[in-house]
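Inspection log for the structure reproduced underneath, given as structure tokens.
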Protein chains: 2
Amino acid sequence: MLYQMVEARDDAPLDVRSRVVAAATRLFAARGFEGTTLQEVADEVGLAKPSVLHHFPSKEHIREAVLDTILSHWRDTLPRLFFAATASEGRFDAVFGELYRFFADDADLARVVAREALDRPDETRRLLRGPVAPVLAAVAGYIESGKAHQRHHADVDAEAYVVHVLQFAIAAAAVADVTCKALGTGAAVRARYDREIARIAKTSLFTAPTQDAPGDPKPARRRRS
Amino acid sequence: MLYQMVEARDDAPLDVRSRVVAAATRLFAARGFEGTTLQEVADEVGLAKPSVLHHFPSKEHIREAVLDTILSHWRDTLPRLFFAATASEGRFDAVFGELYRFFADDADLARVVAREALDRPDETRRLLRGPVAPVLAAVAGYIESGKAHQRHHADVDAEAYVVHVLQFAIAAAAVADVTCKALGTGAAVRARYDREIARIAKTSLFTAPTQDAPGDPKPARRRRS
DNA sequence: CCTACCGATCGGTAGG
DNA sequence: CCTACCGATCGGTAGG
């Protein structure tokens with residue numbers, strides 16, 4: 001079967017559905033689902049409200065489209081992440097960097113996911129026990145084997161560690177622009193913030209400094225605005 | 001000056017304002033400020049909507065009362081926290097446990113704070129640079145001195161570490177009942193979850209296992225329902 | 001502390 | 001893709 005491929009180039013003209021999803025993602029991230037009106041979405045896309053509802057039968061359908069888009073984006077990067085995790089030792093920086101950067105590069109995605117966890121705990125639970133579970137289990141297995149080889153701390157709770165690191169990455173990315181300001185002003189602050197979360201994740205797992213390059217994921221590259 | 005003391009006993013009858021704040025805290029935590037209506041708050045308190053508005057001139061005033069209550073509760077525990085942090089070495093478990101338990105004991109507080117950070121980044125920034133800043137700086141100073149004595153890892157970014165640990169504790173408490181389910185079912189799961197976040201915070205700071213009792217904050221004691 | 005009610009805006013529909 | 005409009009509900013007020 002053949003699907004119309006959606007061009008991912010940032011400057012390519014997007015179809016109406018994609019423009020609605022992009023606008024809704026931004027607005028949901030900033031104000032939440034309940035705090036966003038269809039009128040605001042329509043205004044941002046440059047359409048009348050009924051025109052938006054021609055493409056999505058209800059506001060709830062827009063929410064689902066936003067979340068599906070994030071989830072499918074993530075599904076694309078998961079295999080790469082997983083491969084990096086299992087292919088060789090000492091690749092922790094790359095793996096964590098990949099995970100963190102996915103959300104840090106576009107804080108709106110992190111904010112939408114964080115809001116979803118707060119707004120709809122049951123759906124989020126389903127997601128964690130469903131499609132996300134195998135990935136968590138796989139990474140936990142990798143950590144367990146690392147424990148057996150004394151590469152990782154013996155008292156790491158592999159499953160709990162993975163869950164915490166995942167939610168740390170999302171939470172840190174979601175509120176980075178807020179909490180970074182507690183570190184003072186200036187451009188270097190965000191780099192310190194990013195470096196420290198990577199260091200925490202890494203040091204709490206490995207028994208000794210790895211042979212990796214020092215744990216600094218590249219500073220987040222911003223996607224828009 | 002003399003103030004009317006508000007009795008903290010859980011079973012003591014509360015005045016109307018306190019009951020409104022308690023109901024609003026629960027509702028704001030679950031649905032967010034925009035997702036909560038004055039009617040729902042009134043219903044939960046058992047009053048008519050205009051009666052609620054007799055005690056608080058607007059919905060916005062209820063939000064402020066909710067946040068003030070959380071902040072002042074926290075101000076009460078901060079001195080204790082700070083004293084524990086600076087009084088002696090090896091008290092990390094107690095300090096982090098205190099911080100984490102404050103939010104873990106009542107996840108609604110963590111959720112309200114998390115939502116506030118997402119909904120009103122500017123206000124949250126002001127809070128971080130204002131009243132919260134001295135506490136962060138003090139703890140960061142304690143960590144710096146620990147680095148000088150080789151008790152803490154040399155590459156810890158003290159200021160960034162403190163900010164991350166704070167937001168980790170809040171985020172972890174806010175979504176604990178969601179993400180714990182990714183660890184399986186059963187009563188022990190939450191204890192593992194709590195123990196692992198304490199271990200991560202501790203291991204990423206200290207150069208070697210401390211002389212403390214193993215890093216397990218008591219399992220969160222639930223305050224209500 | 002209530003009943004009754006306000007204008008505004010919500011998500012969504014009709015019809016073209 | 002639009003104008004015009006729907007019933008419902010929003011936060012808040014009047015008046016007692």
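All chains are named by letter (A, B, ...) in the order of the sequence lines, taking the proteins before the strands, and each is independently numbered beginning at 1. Note: hydrogens, waters and symmetry copies are ignored here, and every other heavy atom, side chains too, is used.
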Aromatic ring pairing B:Trp74/B:Phe103, orientation class (parallel under 30°, perpendicular over 60°, tilted between):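 Correct class here is perpendicular.
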
Whether [X] side chain and [Y] backbone form a donor-acceptor pair below 3.5 Å:
| X | Y | answer |
| --- | --- | --- |
| A:Arg199 | B:Ser204 | yes |
| A:Tyr161 | A:Ala201 | yes |
| B:Arg115 | A:Leu118 | yes |
| A:Glu40 | A:Thr37 | yes |

Would you indicate what [X] reaches in the nucleic acid, counting non-hydrogen atoms under 4.0 angstrom: base, sugar-phosphate, or nothing?
| X | answer |
| --- | --- |
| B:Val41 | nothing |
| B:Thr37 | sugar-phosphate |
| B:Leu53 | base |
| B:His61 | nothing |

Terminal contacting nucleotides, 5' and 3', DNA chain C versus chain B (heavy atom, 4.0 Å):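 Answer, 5' to 3': C:dC1 to C:dA4.
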
Validation: residues 43-58 of chain A side-chain donor-acceptor distances under 3.5 Å, sequence neighbours left out:
residue	atom	partner	partner atom	Å
A:Asp43	OD1	A:Gln39	NE2	3.1
A:Glu44	OE2	A:Arg26	NH1	2.5
A:Ser58	OG	A:Glu60	N	3.3
A:Ser58	OG	A:His61	N	3.3
A:Ser58	OG	A:His61	ND1	2.8

Cation-pi check, A:Lys202 onto A:Phe96 ring (under 6.0 Å, within 45° of axis):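 Ring-cation test returns no.
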
Dot-bracket pairing map - DNA chain C, Watson-Crick plus G-U, both contacts under 3.5 Å, | cross-strand: ||||||||||||||||

Over all atoms of both residues, closest heavy-atom pair of B:Arg190 and B:Ala176: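 Minimum heavy-atom separation between B:Arg190 and B:Ala176: NH1-CB, 3.4 Å.
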
